[in-house]
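Okay, so here's the structure we're looking at.
All values derive from a computational prediction rather than experimental measurement. Letters A, B, ... are given to chains in the order of the sequence lines, protein chains preceding strands, and every chain is numbered from 1. Computed over heavy atoms, backbone and side chain alike; hydrogens, waters and symmetry mates excluded.
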Amino acid sequence: MDGVEFMKERNDVIDLYDEKGDMLAEAIPLQAISPLRNQAIREMIKTIKRSAIINLKKAEQALKTGALGSEMGVGEECQIPGCEMDLDIVANAGAIAEMIKKWIQVDEDDDTVVEIVDGGEMLFILAPTKRVDVGSDLANPRVNVGIAAAHAIIEYFNLSPFSGSEVIKAAIFGRYPQSITTKGALSGLIPAWPPTVDGVGLNFRTNMVNDIVAMTNKNTMNGVALSSILEHVAMFDSGDAIHPAYERYHLLGLAYQGLNANNVVYDIVKANGADGTIGSVIMDTIKRAEDDGVISVKETLPSGFKIYKTDDASLWNSYVAAGQLAAVIVNCGAMRAAQGVPATINEFNDILKLATGLPDVDYGRGLGTTIGTAFYSHNIYGGAGPGAFSPANPLLRHCRGFISPCFVAAMCLDAGTQMFNPELTSGAFLKIRTVLPEVMRNPIKSVAESALELKGAL
Amino acid sequence: MAVDKKTHIKLLEETFKVSPTDIVDKKLYQHGGTRQSKRKTEYIEYANRIAKERGIPAYDPDHIALELEVGVPLGQRYLEPVKISGTDVMCEYEDLHIMNNVAIEQMVDDIFRTAIVCIDLPHKVLVDRYGFEVTPESINTYLETINHTMVGGAVTQEHMCEMHPGPCADGYVKIFTGNDEVAGSLDSRFVIDINKEFTPEKAAKLKEGVGDSLWQVSRVPTHALRTMDGAIIHRWNAMGQTMAFIASYHLCAGEAAISDFAYAAKHAQYIWMGTPPFVSKARGHNSVVGLPVGYIFDIIQHESAMPDDPIPVSAEGLAMESILYFALYYGQMMIGTVGVTVAPATFYVNELYESRGAHLVDWIKDKYGGIAQAPMYWDTIHDCTDEATMAAIEEYDTYPLLPEHHWGLIQAVQISLISSACAAWATGKPMAGALAAHYCKSFVQKEALMRTGWGGQESTHHPAMPAMTSVLLDEGLPVELTGINVPFRSPFADSQHYTSHSVVAAHEARMDAWALSPIVKVAFADPHLPFNFRNVRESVAKGALREFEPAGERDVLRPTK
Amino acid sequence: MREFQIPYPGDDPVANNRKKWMNSEFTPRKLREISDDDIVSLLGHRKPGTAYSSVHPPLDEMKEAADPIKELVVPTDGAKAGDRIRYIQFADSMHFAPLPPWMRFRMYGARLRGFDSLAYSGRTLLEMRERDLDETAKFLVETEIFDASRVAMRSVTVHGFSLRLDEDGLMFDARRRYVFNKETGEVEYVKTQRATPLDRRISVGKPLPEDELKTLTTRYHTALTSPRDADELIKVVKRVGELRVLGGLRPDLVDGR
């Protein structure tokens, strides 16, 4: 039995709601939100895979001061005397962009996109599908665009091997290949740079939480949706979702936690927004699961304690994930501070399992992940705040898709308590937001619309 | 010293000099501060001299805490001495800090400077490509030559500057095989004799496991490892080996066939003690990060007391694991400076493990009819965890000296560790032991006490429960193959301990000759090693007494004072 | 607070105490009165009477992008004002402090709004917006959650929860933040939680008698309710443990169990 049949047999049908709790699409088959079928999600992934961003202002500034090849996270530690160049790159962004476009496009009318952002300070580029399709990895569009940009600047400003061509390259690529990172003017919609990725199946998990927050303009539910989509696509990418039971497990997680399916998240938040606590959110989650027939009492012990069972553990997991998100929104929303997101997830799962006799989110992977993240985001070992984490981080990656969306929610709700906020870490994403496709800026609506198109066909 | 179930409590009574059931310390705050400790006193005096000589302040706990009032005034509680288990040696915890104990340092060095390579392929090159004969005589000549090249002696070129042999006294090469006839035909100075180093039963299994191949074990000098890092070891060996082949078989250095030797030495049949880890671990080849935990059982050589008693070998393995994973990786490679407190040493002091083990071995025999007889079901894992946890909690509750001795995260780790041993001994299955440890920390211990360890301590235990037997990419593995590089293990370094211990305990319970590699097992059965892997705790004790002579010292190269 | 009782398995004194702390209706006994100024002093983040400092402007002065979810959740007073986030940390002795770290942590989750917390082996951190913290700290220090001899406010050098007690029955503190006044029988703080000297001594009252502490305990103990006798708890953890392992291989292996 394949995934479609598996889900049909279980009558997996969901209603999709927006961030105001209004219904967008009714009775959608679960498969309609699958990255294998949903056009909005597919367009999002294609955009990511084709993307490159050149920060022309950063390149210009680096060349002016000779501050090339720095490796620090914030600020520049390198400054090379004799490498300074005064080039009006930003002012000539248009011409440079034209040259890049000419080289990276395959056909005149293909799907190459070159957008000049912020008066020439940045270029947002989508390499053509025809080029990317014959590339071997995510670095393909980026390196092609990066080297094109280097050639364009060299040609435009008439430079030669004797007047600093290699310096231009460093302005674009940073210290690569002496360092395995690339911290110059070049980046992409996801940071995954192959030599630094810590294993397999992680590429779609490399965005910082802050990047997602920036792309969705701090809109909580859209930020959650984008994060959840990337996370569960990553599960398809790493073999996690290949078994039909697991495919369903991840689609349910995406639906209920990421896309507010059946309004579970919204309803629980609304009921608890004024005076609820994590404790009351837990009780509402259990009640909602029981009312919806997801769990039932298996046995009542002499003390009156009810041990619950479920005939659909994957659906129970998605309710837990939804309730967990609601707890984060309520607690971190009340505090308008993100730092408590790991604690909130810890509380929710730690209490829930002993309250029901059922497993917590992702069978314990969630709780362990956030116990670790809580510790390292509060102690001396180099963690930083929630916004600076990415789900590929050695601390976050262990949970298979159900934690990052909560971190995104918390950062969207943060009113300015964090040092490492989107403005500091993800400035590029804030700037290119305006030229991003709609599917990335408003994923909830886009995914629902695409799902509607599949209704009846699956 | 004969160990019974209460030996560790009696030892506490002796070292604290009070009744173990006392809940009040009448002398609290009056124990004498840092000066109650000989070692701290020694350090303060030494550091004062350093500070005076160089003009920059140094270590000075009393000044920092009492005069500047910014640090914690040490020694207001009793700083108890400890007895190293399996020995009569008393020492302070300072003597067991990895940076203060040269025996511990040598143990680590001896593991990661070991290069193991099969020389069948180079011999095949000689025979097939050159048409030469490989005989016992030619092998003996080769072995003499490689013992020269391995410590920086030149063989093929004039005007090479060579290394002083003094700091490289621990550099040498040996050989072994499972074929008695071949082993008997070689110069015995160079042979690790399986029949001599193991009991007849284990020797038979090992010879079968090793087979007829000829394995070379090079001990690259400690001096080299410390000057470079673990990544040099396979290269160093390859260089020494290739040069020795060239010289002893009169080959042309520079002809194409030489590259076959080099490839064979470095890559084709080379055994990594530590494989290269993921980027974020920031370590190279041959570090503890890449060590598969199964090798722990293979490296230790302690005499077994099975079929009755798995504890002696398990305790030796525990000492090694505590050092490698807790003291070295967690305490120094991840943290550094003061490290991770006294915690690692608590696993091999005061006969605690042995005492708890004695109770559990009796319990296992009673319940399951013998060691390694229990079925691999959840019921077994639960029952073993339950008994080990409850028995330990009873001790902590009954004897207030014990939680004082095991403050903070230590109790939590100790309880999980003994749960791991119990399930592993009962079933003979490492996975049972590993799951028991994780289940103990996540549930049994936690819900009983509402207390576990340091702030992130549960962070591996919760995901380990679903992950260990899963088939997802970053998760499932036989326990013997796992290690620090596995993503959900890596940031939470103390978790390695339970997993590696489940391997040691289970394989000892099964009376296996090895856990992961018969070749590694034989390679470390080498009496010439500076560190005595037959008696880990005894060697550590020598280091604590400052009676252990480490290798690689550079005295011949520095000014005489 | 909304009304709820979070379930927990068991009907022994320990299980019942745990359930009590997870009941929104439960009001712990007030054992002492500590003035607001004294609370501020003990916390050590600012001097009593001084204004709260801000980390961002008040919420109603900020221009944030429209987000329907933000309208659903009511911010705390401290969040509304833009207060800095501050902490209080408690160390709870193994020798019958009412709430060990994970119990304290869970109680926070049940009862508090707008907080961050972390349970260690002997201490539990709590962080909130400063004025919210001041209010919560009063609750945590004035009621039976806090015993003067077995619970301590300490943010630096937390060692002591598992040590034997001193001759006055107090938990060890390497920084000597509190002393026992033999005349009054009360415990007096001479330093803040941060171990900086206080201007004057602040009394936190008398320690509870040991017998009473034992009735309040939320941990299983060999001498009281042994964990071996917690049958329902053992049954539930055994079940959840097994389901985690099964579900780890494939989620549907948990169906129907």
Is it true that atom NZ of C/Lys235 has more than 12 heavy atoms of other residues, nucleotides or ligands lying nearer than 6.0 Å? no
Got A/Tyr266 and C/Leu72 here, is their nearest side-chain heavy-atom distance under 4.5 Å? yes
In terms of heavy-atom pairs under 4.5 Å with chain A, which of C/His56, C/Arg244, C/Glu127, C/Glu64 leads? C/Arg244
For A/Glu423, side chain to side chain donor-acceptor pair (under 3.5 Å) partners two or more places apart: none
Check: A/Arg336 side chain, C/Lys80 main-chain N or O, donor-acceptor pair, under 3.5 Å: no
Please output the residues of residues 306-320 of chain A in contact with chain C, using a heavy-atom cutoff of under 4.5 Å, in numerical order. A/Ile307, A/Tyr308, A/Lys309, A/Thr310, A/Asp311, A/Asp312, A/Ala313, A/Ser314
Within the side chain of C/Arg250, is there an N or O that forms a donor-acceptor pair under 3.5 Å with the backbone of A/Ala245? no
Closest heavy-atom contact between A/Asp275 and C/Arg2? OD1-CG, 3.2 Å
Any side-chain to backbone donor/acceptor pair from A/Asn331 onto C/Arg113? Under 3.5 Å, distance only. no
Any side-chain heavy atom of A/Thr344 within less than 4.5 Å of one from C/Phe115? no
Taking atom CZ of A/Phe375 and atom CG of C/Leu118, what is their separation to the nearest 0.5 Å? 8.0 Å
Taking A/Gly357's backbone N and O only, do any of them form a donor-acceptor pair with C/Arg239's side chain (distance below 3.5 Å, no angle check)? yes
Quick check for you: to the nearest 0.5 Å, what is the distance between C/Lys70 atom NZ and A/Thr220 atom OG1? 4.5 Å
Locate the shortest heavy-atom distance separating A/Lys20 from C/Pro68; write the atom from each residue and the value. CG-CG, 3.7 Å
Of the non-hydrogen atoms in C/Ile6 and A/Ala355, which two are nearest, and what is the gap between them? CG2-CB, 4.0 Å
